[in-house]
Q: 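Handing you this structure, nothing more for now.
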Amino acid sequence: MRVLVFGASGMLGRDLLAAFSEDDATGLSSRQADLRDSGSVLSTVQQARPDWIILAAAYTDVDGCEKDPAEPWRSIAMVRQT
Ligand SMILES: NC(=O)c1ccc[n+]([C@@H]2O[C@H](COP(=O)([O-])OP(=O)(O)OC[C@H]3O[C@@H](n4cnc5c(N)ncnc54)[C@H](OP(=O)(O)O)[C@@H]3O)[C@@H](O)[C@H]2O)c1
């Protein structure tokens, strides 16, 4: 079983990766697959061909949300497209 974990550098993603053996799970940071870039995400998924995808990525910058309320919606819009 192949598992792809988005948000692997975050608190939840790190704990999830630790729960799988290295053979099972591949972790991705935003530098490897940015949720705001649908092409990057799709090509990553197509290459990895995972059985499961775990979305542990999230825009968690509360101050950033207040300064630019549109920013968190960019990632959500991309997830809805796919
Ligand atoms: N922490 C908990 O105990 C816990 C428990 C249950 C549920 N959750 C939920 O899990 C989610 C993540 O929480 P967290 O505490 O792990 O947050 P976090 O430590 O701030 O981690 C956020 C993760 O999301 C990634 N990310 C942010 N923007 C991204 C983008 N545009 N494209 C791809 N990856 C992106 C970050 O990658 P980079 O570091 O590369 O930017 C990082 O890996 C949230 O929805 C939270 O509500 C958390």
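One-based numbering, in listed order, for ligands and for the atoms of each. Being a predicted model, the structure only gives us computed values, none of them experimental. Heavy-atom basis, side chains included; hydrogens, waters and symmetry copies ignored.
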Q: Using a heavy-atom cut-off of under 4.0 Å, does the side chain or the backbone of Thr60 touch ligand 1, or both, or neither?
A: side chain

Q: State whether any protein heavy atom lies less than 4.0 Å from atom 46 (C) of ligand 1.
A: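 Not a single protein heavy atom is under 4.0 Å away.
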
Q: Is atom 43 (O) of ligand 1 less than 4.0 angstrom from at least one protein heavy atom?
A: yes

Q: Among Ser40, Gly10, Ser29, Ala56, which one puts a heavy atom closest to atom 12 (C) of ligand 1?
A: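 Looking at heavy atoms only, the winner is Ala56.
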
Q: Given Pro50, which partner from the list Val45, Val3, Thr44, Thr26 fulfils the side-chain contact (heavy atoms from CB on, under 4.5 Å) test?
A: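 Among Val45, Val3, Thr44, Thr26, the one meeting side-chain contact (heavy atoms from CB on, under 4.5 Å) with Pro50 is Val45.
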
Q: Given Leu12, Ile54, Asp15, which one has a non-hydrogen atom that is nearest to atom 10 (O) of ligand 1?
A: Leu12

Q: I'd like the name of whichever of Ala58, Ser30, Pro72 reaches closest to atom 24 (O) of ligand 1 through any heavy atom.
A: Ala58

Q: Taking all non-hydrogen atoms of both residues into account, name the closest pair between Arg74 and Asp68 and its distance.
A: NH1-OD2, 3.6 Å

Q: So between Arg74, Met11, Arg31, whose heavy atom ends up nearest atom 15 (O) of ligand 1?
A: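 Comparing heavy atoms across Arg74, Met11, Arg31, the nearest one to atom 15 (O) of ligand 1 lies in Met11.
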
Q: Looking at Arg14 and Ala8, would you say the former's side chain and the latter's main chain have a donor-acceptor pair under 3.5 Å?
A: no

Q: Hey, is atom 2 (C) of ligand 1 touched by any protein heavy atom at less than 4.0 Å?
A: no

Q: Looking only at distance, does Ser9 have an N or O less than 3.5 Å from an N or O of ligand 1?
A: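 Yes; at least one N/O pair falls below 3.5 Å.
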
